[in-house]
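A note on names: the letters A, B, ... follow the listed sequences, proteins ahead of strands, and every chain is numbered from 1.
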Amino acid sequence: MPELPEVEVVRRGLHEHVTGRTVASVEVLHARAIRRHLPGAADFAVRLTGQRMDAARRRGKYLWVDLSGGEAVLAHLGMSGQMLVQPVGAPDEKHLRVRVVFEDDGPELRFVDQRTFGGLALDELVEVDGTWLPRQVSHIARDPMDPEFDADAAVRALRSRKTDVKRALLDQTLVSGVGNIYADESLWRARLHGLRPTAKLTTAKTAELLGHATQVMLEALGQGGTSFDALYVNVNGQSGYFDRSLAVYGQEDRPCARCGTAIVREPFMNRSSYSCPRCQPRPRDAKTVAR
DNA sequence: CTTATGACCTGCAAGC
DNA sequence: TGCTTGCAGGTCATAA
């Protein structure tokens, strides 16, 4: 569910609310939420307890909080994960998976996740290309908000992938942070159909597309992210409102803002792609999708 | 090595 | 009303 802007909103909230606080206790209510912490729930709770939380960081859709002991607590929100800062004693959310209580008796940190695709883990930091990252994040490419993001290198990586442009854009090892919403929005801005093969895109067009992806994510961040329902919220439970600014995602049958043609939805990898059939013509050799 | 395809979950809305 | 089907912001292991 959450893409770079939504995860960044959560990161900022965490940075504000947990930095400098020491963990008093940890409760894991659903084992699947810490499945990427291989030593298990008990180990997760014991090792996190007593640690002070420092800076909250992010790469792509992963976020983590540095711990005083030198490790980090890593989080991925998956499709439906939330990090909430809630007063002690507030009623448990239906899908509460992990609770972190602090020594200062202030608000607790809760990981809530309906679909359990997300999760938390304790991970060691490793240095990759001059940046310290949790080991589980070491394969994720820099995202466009990273000060050391190399746009030229990212364009080269995208073009070298032998696939369709939307698949490349969603590949987190080439450029991170872009998901289904912002992929469709940037393809619309670039007037490209997602099934266009990367091999036939010029360097300039690919750079333009990447620029649109960066821009649309910045705009979404300025609006607090995109949410269609209560599944995406910031640490205080509030929704962003970039959904009002979406040009194509979820806009089936509504008129294209550029040409008025009805936006179409097409199946894509067990999900959907939205595009303007006039501004973003399908490549002729694209396989027609059944159903 | 690269690339494509399901599997992993719960809940909601639409259609019959 | 109740059942079934399809769909949802993502990633990963596995297969080819």
Using the side-chain heavy atoms of [X], tell me which of these nucleotides is nearest: [options].
{"X": "A:Y274", "options": "C:dA8, B:dA4, C:dC12", "result": "C:dA8"}
{"X": "A:Y232", "options": "C:dC7, C:dT11, C:dG9", "result": "C:dG9"}
{"X": "A:H76", "options": "C:dT11, B:dA4, B:dT5", "result": "C:dT11"}
{"X": "A:R115", "options": "C:dT11, C:dG9, B:dC9", "result": "B:dC9"}
{"X": "A:F117", "options": "B:dT3, B:dT10, B:dC9", "result": "B:dC9"}
{"X": "A:Y62", "options": "B:dG11, C:dT11, C:dG9", "result": "C:dT11"}
{"X": "A:N270", "options": "B:dG11, B:dG6, B:dC8", "result": "B:dG6"}
{"X": "A:M79", "options": "B:dT3, C:dC12, C:dA8", "result": "C:dA8"}
{"X": "A:R32", "options": "B:dG11, B:dC9, C:dT11", "result": "B:dC9"}
{"X": "A:H95", "options": "B:dT3, B:dT10, C:dC12", "result": "B:dT10"}

A:H30 vs A:S160, nearer the 5' end of DNA chain B by closest nucleotide: A:S160
Does B:dC9 pair with anything, Watson-Crick or G-U wobble, both distances under 3.5 Å, and if so, with which nucleotide?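 Partner of B:dC9: none found under 3.5 Å.
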Find the partner of C:dG9: check Watson-Crick (N1-N3 plus N6-O4 or O6-N4) and G-U wobble (N1-O2, O6-N3) distances, both under 3.5 Å, and reply none if neither fits. none
For [X], answer base if it contacts any base atom (sugar-phosphate contacts may also be present), sugar-phosphate if it contacts only those atoms, and nothing otherwise; contact means non-hydrogen atoms under 4.0 Å.
{"X": "A:R36", "answer": "sugar-phosphate"}
{"X": "A:R35", "answer": "nothing"}
{"X": "A:F242", "answer": "nothing"}
{"X": "A:S272", "answer": "sugar-phosphate"}

[N] [atom2] sits how many Å from [X] [atom1], rounded?
{"X": "A:D113", "N": "C:dA8", "atom1": "CG", "atom2": "P", "result": "18 Å"}
{"X": "A:M269", "N": "C:dC7", "atom1": "CE", "atom2": "P", "result": "15 Å"}
{"X": "A:E3", "N": "C:dG9", "atom1": "CD", "atom2": "C1'", "result": "6 Å"}
{"X": "A:L246", "N": "C:dG9", "atom1": "CG", "atom2": "C1'", "result": "11 Å"}
{"X": "A:H139", "N": "C:dA13", "atom1": "NE2", "atom2": "C1'", "result": "12 Å"}
{"X": "A:D143", "N": "C:dT11", "atom1": "CG", "atom2": "P", "result": "12 Å"}
{"X": "A:D164", "N": "B:dT3", "atom1": "CG", "atom2": "P", "result": "11 Å"}
{"X": "A:I34", "N": "B:dC9", "atom1": "CD1", "atom2": "P", "result": "14 Å"}

Using heavy-atom distances to pick each residue's nearest nucleotide on DNA chain C, tell me which of A:L170 and A:Q114 is more 5'. A:Q114
Closest non-hydrogen atom pair, A:L221 against A:P5: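 Scanning both residues, the minimum pair turns out to be CD1-O, 3.6 Å.
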Where is the tightest heavy-atom contact between A:V98 and A:I34, given as atom of each residue plus distance? CG2-CG2, 4.4 Å
Would you say [X] places a side-chain N or O within less than 4.0 Å of OP1 or OP2 belonging to [N]?
{"X": "A:T163", "N": "B:dA4", "result": "yes"}
{"X": "A:K162", "N": "B:dA4", "result": "no"}
{"X": "A:K61", "N": "C:dG9", "result": "no"}

Neighbour count above 12 (heavy atom, 6.0 Å) for A:R254 CZ: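 Incorrect, the count does not exceed 12.
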A:F102 six-ring centre to A:R21 NZ/CZ under 6.0 Å and within 45° of normal: yes
With a distance cut-off below 6.0 Å to the six-membered ring centre and an angular limit of 45° from the axis, does A:R258 pair with A:W188 as a cation-pi contact?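 Judged by the rule (NZ or CZ under 6.0 Å from the ring centre, within 45° of its axis), A:R258 counts as positioned above A:W188.
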If we ignore angles and hydrogens, is there a donor and acceptor under 3.5 Å between the side chains of A:E71 and A:Q51? no
Looking at B:dA4, does its base get a donor-acceptor pair with the side chain of A:R167 below 3.5 Å? no
Which of parallel (below 30°), tilted (30 to 60°) and perpendicular (above 60°) describes A:Y182 and A:F242?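 Ring orientation of A:Y182 relative to A:F242: tilted.
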When the P atoms of C:dT11 and B:dC12 are considered, how many whole Å apart are they?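 It works out to 24 Å between them.
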